[in-house]
Amino acid sequence: MSNKQALRDFQARLAQRLQAVREQTQTARWLAVDCAGLGLLLPLQHAAEIFAPVPVTTVPYTQPWMIGVANLRGGLHTIVDLAQFLGLREGRADTQGGRLVAFNPELNINCALLVDKLLGLRGEEQLAPAQGAGTRPHFASDQRVDDKGRVWQVLDLDALARFQPFLDIVV
């Protein structure tokens, strides 16, 4: 008899937890990444798949931030060192330590960005708008601050995909 009651109690607690999770759904808006120590937020609607490092074929006579091209799920993608493109680092990154974040196919650009670290998903409720943002390129929309005081730069991948100096090399 006590086993049945314990099972009923367990089921009731489990049902309460599941209901609480449904009511507290947090919607992630950004993929948080680190590039040369800078926290960046990539909008999830513009980012697609995340890949482990793959063999990259270098392309001569390109910008230093264009690492080369690689086969990602059967498609040829340009690989860009995001930190170097943003001027955060000189020289090539170690492609084995980072991750590749592909652009959403709806943006019509076969490109993946090399980032140093993935730092998880972030939602609107986790980040507050930052005050006093300085001059930024148009593809770097706004800045956010988390509860630990770290400033995050939001990158608009759609605007980056249409940024002419980027587009001239990538396409």
Side-chain angles (χ1 to χ4, degrees), residues 26-127 130 133 136-171:
Q26 296 179 353
T27 56
R29 185 169 177 192
W30 299 287
L31 172 64
V33 300
D34 183 271
C35 284
L38 179 65
L40 299 171
L41 298 171
L42 308 178
L44 289 177
Q45 74 264 24
H46 297 156
E49 202 166 345
I50 298 169
F51 296 92
V54 297
V56 176
T57 303
T58 59
V59 178
Y61 309 112
T62 61
Q63 293 292 331
W65 43 265
M66 182 182 163
I67 298 172
V69 294
N71 180 348
L72 301 177
R73 288 205 187 272
L76 189 61
H77 285 68
T78 302
I79 308 300
V80 171
D81 180 347
L82 185 57
Q84 194 172 16
F85 174 76
L86 295 174
L88 302 172
R89 153 175 63 230
E90 291 184 24
R92 292 272 164 111
D94 176 19
T95 57
Q96 297 306 310
R99 292 287 180 257
L100 300 173
V101 180
F103 280 70
N104 188 316
E106 292 177 4
L107 298 178
N108 295 319
I109 185 167
N110 286 349
C111 181
L113 302 173
L114 175 68
V115 299
D116 296 336
K117 294 180 205 166
L118 297 176
L119 300 175
L121 300 175
R122 300 291 189 274
E124 194 78 39
E125 67 282 351
Q126 295 172 297
L127 301 162
R136 297 180 308 272
H138 75 283
F139 57 82
S141 55
D142 60 344
Q143 290 182 330
R144 301 288 178 143
V145 179
D146 63 17
D147 59 352
K148 296 176 183 154
R150 182 171 186 180
V151 177
W152 297 85
Q153 178 63 59
V154 179
L155 289 187
D156 182 346
L157 295 183
D158 184 31
L160 178 61
R162 291 182 277 115
F163 183 54
Q164 202 58 48
F166 185 82
L167 197 57
D168 287 343
I169 299 299
V170 173
V171 177

Distance from T58 atom OG1 to M66 atom CE, nearest 0.5 Å? 9.0 Å
Would you please test L40 and L86 for side-chain contact (heavy atoms from CB on, under 4.5 Å) and show each step? CA-CA 11 Å; L40 299 171; L86 295 174; 3.9 Å; yes
For residues H46 and D156, determine if any side-chain heavy atom of one lies less than 4.5 Å from a side-chain heavy atom of the other. yes
Rounded to the nearest 0.5 Å, what's the gap from CZ on F163 to CG on D168? Could you check? 9.5 Å
Tell me if the CD atom of Q164 is crowded by more than 12 foreign heavy atoms within 6.0 Å. yes
To the nearest 0.5 Å, tell me how far L121 CG sits from W30 CH2. 12.0 Å
Closest approach of L88 to C35 (non-hydrogen atoms, all atoms of both residues): CD1-O, 3.5 Å
Point-to-point distance, once rounded to the nearest 0.5 Å, from CG of L41 to CD of Q126: 10.0 Å
Quick one: pull up CD in E90 and CD in Q84 and give me the separation to the nearest 0.5 Å. 8.5 Å
Donor-acceptor check, side chain of D34 to backbone of D116, threshold 3.5 angstrom: yes or no? no
According to the interplanar angle, ranging from 0 to 90°, do the rings of F139 and F85 count as parallel (below 30°), tilted (30 to 60°) or perpendicular (above 60°)? tilted
Start with the C-alpha distance between I169 and T78, add both sets of side-chain angles, then the distance that settles side-chain contact (heavy atoms from CB on, under 4.5 Å), and finish with yes or no. CA-CA 9 Å; I169 299 299; T78 302; 5.7 Å; no
Closer than 4.0 angstrom, basic N to acidic O: yes or no for R89 and D81? yes
L160 and I109, any side-chain heavy atoms less than 4.5 Å apart: no
Side chains of H77 and F103: closer than 4.5 Å at any heavy-atom pair? no
Partners passing side-chain hydrogen bond (donor to acceptor under 3.5 Å, both in side chains) against R144 (at least two apart in sequence or in another chain): E124, D142
Report the distance from atom OG1 of T57 to atom CG of N71, rounding to the nearest 0.5 Å. 9.5 Å
Taking all heavy atoms of R73 and all of F51, pick out the closest pair and write down the distance. CG-CE2, 3.8 Å
Smallest heavy-atom separation, F166 atom then C111 atom, equals CZ-SG, 3.8 Å
Would you mind telling me which of L113, L42, I50, L114 makes a side chain to side chain contact (heavy atoms under 4.5 Å, CB included) with V33? L42
side-chain contact (heavy atoms from CB on, under 4.5 Å) between L76 and N110: does it pass, once the steps are laid out? CA-CA 7 Å; L76 189 61; N110 286 349; 5.8 Å; no
Please lay out, stage by stage, how N104 and L157 fare under the test side-chain contact (heavy atoms from CB on, under 4.5 Å). CA-CA 9 Å; N104 188 316; L157 295 183; over 6 Å; no
Between V115 and L118 the two heavy atoms that sit nearest each other are CG2-CD2, 4.1 Å
So which heavy atom on V145 is nearest to which on A130, and how close? CG2-CB, 3.6 Å
Any side-chain heavy atom of R150 sitting closer than 4.5 Å to one from L119? yes
At their closest point, which heavy atom of A70 faces which heavy atom of V54, and how far apart are they? CB-CG2, 3.6 Å
